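Below is one structure, written out as structure tokens, with a few remarks after it.
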Amino acid sequence: MRLGARALDRSAVVWVGAALALVVLMALPLGWLVALSVSGEQGATLAHYRAVLGDLALRKAVWNTIVLAFWVGLGSVAVGAPLAWLTARTDVPGRGVIRTLVLASFVTPPFLGAFAWVMLAGPNAGLLNKLWRGATGSEDALLNIFSMPGLIFVVTTYTFPYVYIMIANTLALIASDLEEAAAILGAGRFAVALTVTLPMVLPALVSGFILAVLQALALFGSPAILSLPAGFHTITTQIWTFFHFPPKIEMAAAFSIPLLLATALLLLVQKRILGRRGYAAIGGKGGQRRTIALGRWRWPAFGACLVVMACAIFLPYGILAKAALSRAWAQPLTWDNLTLANFTFTFFEYGATRDAIVNTLELGVATATVGAGLVALLAYITSRRLVLGHRLVGFLALAPVVIPGVVLAVALFIAYTRPPLLLYGTLAILFIAYLTKEMPVGYAQSDATFRGIPPELEDAGRILGAGRLRILRDVTAPLARSGIIAAWCFIFIGVIRELSASIILFTPTTKVMSVVIFDLKEEGQFGAIAVLGLVMLALTFVTVAVVQAALGRDVLGVRE
Amino acid sequence: MTLRLSRTWTRRVALVASLAVGALVSTAFAQDGRLEAAKKEGKVVWYTSLALPSAEKVAKLFEAAYPGVKVEVHRTGSERIIARVMQELKANIKNVDVVHTSDAGHFVFFKAQKLLTKYTPAGVDGFPAGFKDRDGYYYGLRATVNVIAYNTKAIPAAEAPKTWKDLLDPKWKGKMVTAHPGYSGVISTHVLALVNQYGWDYFKQLAQNKLMLVQSAVDPSGVVASGERPVAVDGGEYTFYQIKKKGNPVEIVYPKEGVPLVVSPTAIMSFAPHPNAAKLFTDFTFSREIQQVMADSEGLYTGHPEVKYPTDKPKLSDLKLLTVDPEELEKRGEEIRQRFVEFFGA
């Protein structure tokens with residue numbers, strides 16, 4: 001009886017806190033979003049929806065987004081799945097290196113990739129096209145990055161890791177027994193892969209496809225860099241233009257709702273698919289995973305992996321470095337063209353750099369620290385079932401995943417440019433956006449951490465007479481430490497690369513690095529972008545190294 | 001090498017000159033105590049559409065002339081600036097002191113909204129009428145014209161387009177770049193000037209040639225210099241001039257039917273949080289020395305009657321200018337952006 005009452009007390013505190021957070025982070029903004037989308041001069045109206053859906057240009061933007069997302073989904077599966085299979089199951093050379101490079105592509109801000117690909121595959125000045133013309137004497141370009149296929153290509157290059165992670169993690173859990181049985185019955189290597197392995201990973205495949213589609217749907221930077229020059233919009237870039245003068249915030253709100261619903265629907269489908277884990281082969285830790293010998297296909301397979309990595313890492317990073325060191329990025333890097341002027345301009349002459357780096361780091365540290373603490377608390381509460389309705393807490397922590405960054409920003413903009421909370425123009429509004437956006441990732445990481453710590457240890461402590469707080473300090477916290485550090489780093493990486501929400505919420509005094517890079521892109525200042533891009537990549541990779549050290553394994557989460 | 005030397009040299013001369021004028025203005029300011037007031041305010045916040053390196057240069061020169069007063073440069077496109085100012089106002093944020101864009105229509109709008117301080121910068125008496133608001137709220141800080149430019153490596157001079165209408169030739173399909181009136185005031189002015197000349201049909205036909213769309217009027221120069229597109233159908237002449245001076249294979253064409261003139265006004269906001277620093281800065285930017293810097297190293301035109309221009313580019317008086325009325329620009333701003341997007345797709 002007494003215990004029950006105490007649980008209730010605890011629940012009350014947690015629930016009041018959670019409810020408050022929920023209101024500030026989600027309910028208020030989304031409520032305003034919906035309200036504004038139906039607000040008219042005389043009461044509620046559907047006029048804005050009629051306006052956005054009736055506009056041919058806007059319908060085209062919707063269609064473009066669907067085309068982009070669908071092909072990115074397929075492309076990511078086509079690249080990510082074979083790559084995962086190769087590194088998880090076969091004796092392809094350099095598996096560790098390939099995994100590291102997939103990780104690099106995973107953490108590369110997609111808009112930087114898009115920017116680099118402008119320099120690589122712009123139809124005329126792009127390096128690859130120049131080489132192609134030089135080699136073949138052809139008049140035409142090999143690749144035109146300013147096109148829908150170009151956009152799909154670049155987005156896929158930085159999205160396939162989502163599929164890779166799903167598949168590699170699944171393959172790591174599936175024992176090889178069935179595959180061996182098939183092999184004994186006379187099936188060839190590829191027949192085994194197609195008829196046995198593939199069906200077992202199919203749910204993960206579909207789920208990875210959906211994840212990739214969601215990424216593509218929510219992306220702002222890459223479409224803005226590649227589709228606007230080609231004269232077409234996606235939903236996200238279109239929403240952004242509604243904020244141009246004179247602003248049409250109601251239209252932005254009305255245009256955001258379909259994107260929100262589509263995301264929610266896709267996630268529901270994904271949950272259904274993953275939830276129906278009917279295939280008995282997964283789950284046990286027993287069983288062996290044997291490496292498949294590729295034979296004479298070993299090196300060709302390695303070559304294919306290299307091509308993918310060249311597209312995602314080597315070529316883009318190389319051209320960024322070249323642009324950072326060149327007077328004219330499109331000219332060969334000769335002595336005459338070599339300069340440090342881009343660095344001196346970026347760091348000493350361009351006044352926005354310092355503030356942007358400081359803002360970014362402040363926001364990154366603040367969001368990661370508060371976020372990691374919050375998700376650790378929530379994950380502890382839900383995994384130990386400390387309050388009534390702990391499932392709902394878990395659900396709410398994951399809920400923001402359905403809100404694309406741009407939509408979140410529109411909602412926050414509407415909610416916090418008016419009383420009672422006038423946050424627009426402060427770093428606080430960006431903090432809220434980032435915290436909301438990164439919460440699901442952090443929570444998933446923390447949840448896995450606490451689920452991995454068996455409660456028996458805590459129970460042992462209780463039996464020996466220690467209080468809950470002391471156990472938390474002496475038993476749980478040390479065990480959870482590396483997992484929490486990892487959550488911190490995930491959130492931090494997510495924050496420093498964030499563009500799609502920042503681009504709507506920033507003001508001149510609250511610029512962050514991604515926004516500055518986008519600003520510079522609009523003016524065509526390639527050298528300074530390259531320098532800031534390299535700074536951002538360096539920050540990211542230092543953070544990744546910290547995670548790796550904390551976890552003692554790589555962050556893609558594949559248990560070997 | 002010589003190029004680099006001469007640039008450093010120009011910079012040094014400019015710096016010395018600015019220090020000299022700084023000293024002069026300082027005394028005038030010191031007399032009525034405004035310099036002290038400006039120093040107390042500590043900084044001036046400048047929302048500007050002047051190309052980033054040029055804007056940072058002006059800021060550095062000011063800071064050298066008036067130690068203790070910082071310039072916070074926020075550079076973006078004209079149309080982004082007005083969106084930002086109005087958005088901030090709506091949220092009751094008072095951040096900006098001095099606003100400078102290339103869309104004169106903005107200042108008609110600001111004035112009507114009573115958002116400007118009436119202030120006449122020192123030394124603008126001799127400026128031509130086109131550089132002055134008749135009510136004294138804003139003044140043209142600099143001017144440029146829109147031109148055609150091409151990459152000389154890709155296109156021989158004989159084949160280069162000579163007139164605005166030449167650009168409609170299908171042979172340029174896929175080879176041209178335009179900046180965007182939804183971002184740049186230089187371009188919104190340009191579009192209106194050509195619409196007044198040829199009607200919207202001109203842009204409808206131009207769009208058939210599948211242009212690459214960039215945002216800033218600074219960017220076409222970079223695109224042409226890199227060879228990504230060999231022809232620019234618009235863009236601030238000063239940016240082409242600068243990039244040509246740096247040794248890039250770029251040539252400028254001044255169509256004989258006339259070139260759209262863009263006078264970019266500047267004004268102090270009525271709610272400026274640093275009004276004294278704003279006045280000090282505004283006076284500084286209109287001083288002969290800074291106006292001369294804009295002409296020399298930036299290749300801009302100015303309204304200052306004593307400014308000497310580089311000899312390797314035409315004088316404003318040599319060109320046939322297409323001018324637009326700021327009031328018309330204000331009224332038709334929305335139409336300009338909408339129709340442009342309708343034709344060009346984004």
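Residue numbering restarts at 1 for every chain, and letters A, B, ... go by the order of the sequence lines. On a predicted model such as this, the values are computed, not experimentally measured, just so you know.
- Of the inter-residue distances, the one linking A/Glu349 atom CD with B/Leu52 atom CG reads 9.5 Å to the nearest 0.5 angstrom.
- Most heavy-atom pairs under 4.5 Å with chain B: of the set A/Pro246, A/Ala330, A/Gly231, this distinction falls to A/Gly231.
- Other residues, nucleotides and ligands place no more than 12 heavy atoms under 6.0 Å from the CH2 atom of A/Trp32.
- Across every non-hydrogen atom of A/Gly524 and B/Asp219, the tightest pair is CA-OD1, 3.3 Å.
- The list of side-chain hydrogen bond (donor to acceptor under 3.5 Å, both in side chains) pairs with a residue in residues 337-346 of chain B, not counting sequence neighbours, reads B/Glu79-B/Arg337, B/Glu334-B/Gln338.
- Along residues 91-100 of chain B, the residues that come nearer than 4.5 angstrom to chain A, judged on non-hydrogen atoms, are B/Ala91, B/Ile93, B/Asn95 in order of number.
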What donor-acceptor contacts under 3.5 angstrom involve side-chain atoms of residues 415-423 of chain A, with partners at least two apart or in another chain?
{"unit_1": "A/Tyr416", "atom_1": "OH", "unit_2": "A/Val24", "atom_2": "O", "d": "2.5"}
{"unit_1": "A/Thr417", "atom_1": "OG1", "unit_2": "A/Phe413", "atom_2": "O", "d": "2.6"}
{"unit_1": "A/Arg418", "atom_1": "NE", "unit_2": "A/Ile414", "atom_2": "O", "d": "2.8"}

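- With values rounded to the nearest 0.5 angstrom, B/His74 atom NE2 is found 8.0 Å from A/Thr507 atom OG1.
- If you measure heavy-atom distances from B/Leu211 to chain A, the contacts under 4.5 Å come from the backbone alone.
- Interface remark: B/Phe343 contributes no atoms to any contact with chain A (heavy atom separation under 4.5 Å).
- Using a 4.5 Å cut-off between heavy atoms, B/Met86 touches chain A through its side chain atoms alone.
- The parts of B/Pro53 that come within reach of chain A are both its backbone and its side chain, each placing non-hydrogen atoms under 4.5 angstrom from that chain.
- Note that the CG atom of A/Asp519 and the CZ atom of B/Arg80 stand 8.5 Å from one another [nearest 0.5 Å].
- Both the backbone and the side chain of B/Ser226 come within less than 4.5 Å of a heavy atom in chain A.
- Heavy-atom distances place no part of A/Leu56 under 4.5 Å from chain B, backbone and side chain included.
- Checked against salt bridge (Lys or Arg N to Asp or Glu O under 4.0 Å), B/Glu88 has no partners two or more places apart in sequence or in another chain.
- Side-chain atoms of B/Glu72 and A/Thr509, non-hydrogen and from C-beta on, do get closer than 4.5 Å to each other.
- Residues B/Lys90 and A/Tyr424 are not in side-chain contact: their nearest non-hydrogen atoms beyond the backbone lie 4.5 Å or more apart.
- Contact record, B/Tyr47 with A/Pro508: OH-CG, 3.2 Å, taken as the closest heavy-atom pair.
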Could you walk me through whether A/Glu523 and B/Gln215 pass side chain to side chain contact (heavy atoms under 4.5 Å, CB included), step by step?
CA-CA 7 Å; A/Glu523 200 183 332; B/Gln215 299 293 320; over 6 Å; no
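- Scanning both residues, A/Ala328 and B/Asn248, for their nearest heavy atoms gives CB-OD1, 4.4 Å.
- For chain A, the nearby part of B/Phe344 is the backbone; its heavy atoms alone come within less than 4.5 Å.
- Of all the heavy atoms in B/Arg229 and A/Pro123, the pair that sits closest is NH1-CG, 3.5 Å.
- With respect to chain B, the highest number of heavy-atom pairs below 4.5 Å among A/Phe146, A/Phe232, A/Tyr350 belongs to A/Tyr350.
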Stepwise side chain to side chain contact (heavy atoms under 4.5 Å, CB included) check, B/Arg84 with A/Phe506:
CA-CA 10 Å; B/Arg84 202 125 296 292; A/Phe506 84 95; 3.6 Å; yes
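- Looking at B/Ala217, there are no atoms closer than 4.5 Å to chain A (heavy atoms on both sides), in backbone or side chain.
- When each of A/His233, A/His244, A/Lys130, A/Lys511 is checked for heavy-atom pairs under 4.5 Å with chain B, A/His244 comes out on top.
- For A/Lys60, no part lies under 4.5 angstrom from a heavy atom of chain B.
- Per-residue counts of heavy-atom pairs under 4.5 Å with chain B were compared for A/Met119, A/Glu522, A/Lys521; the largest is that of A/Glu522.
- Only the side chain of A/Gln331 comes within contact range of chain B, with at least one heavy atom under 4.5 Å from a heavy atom of that chain.
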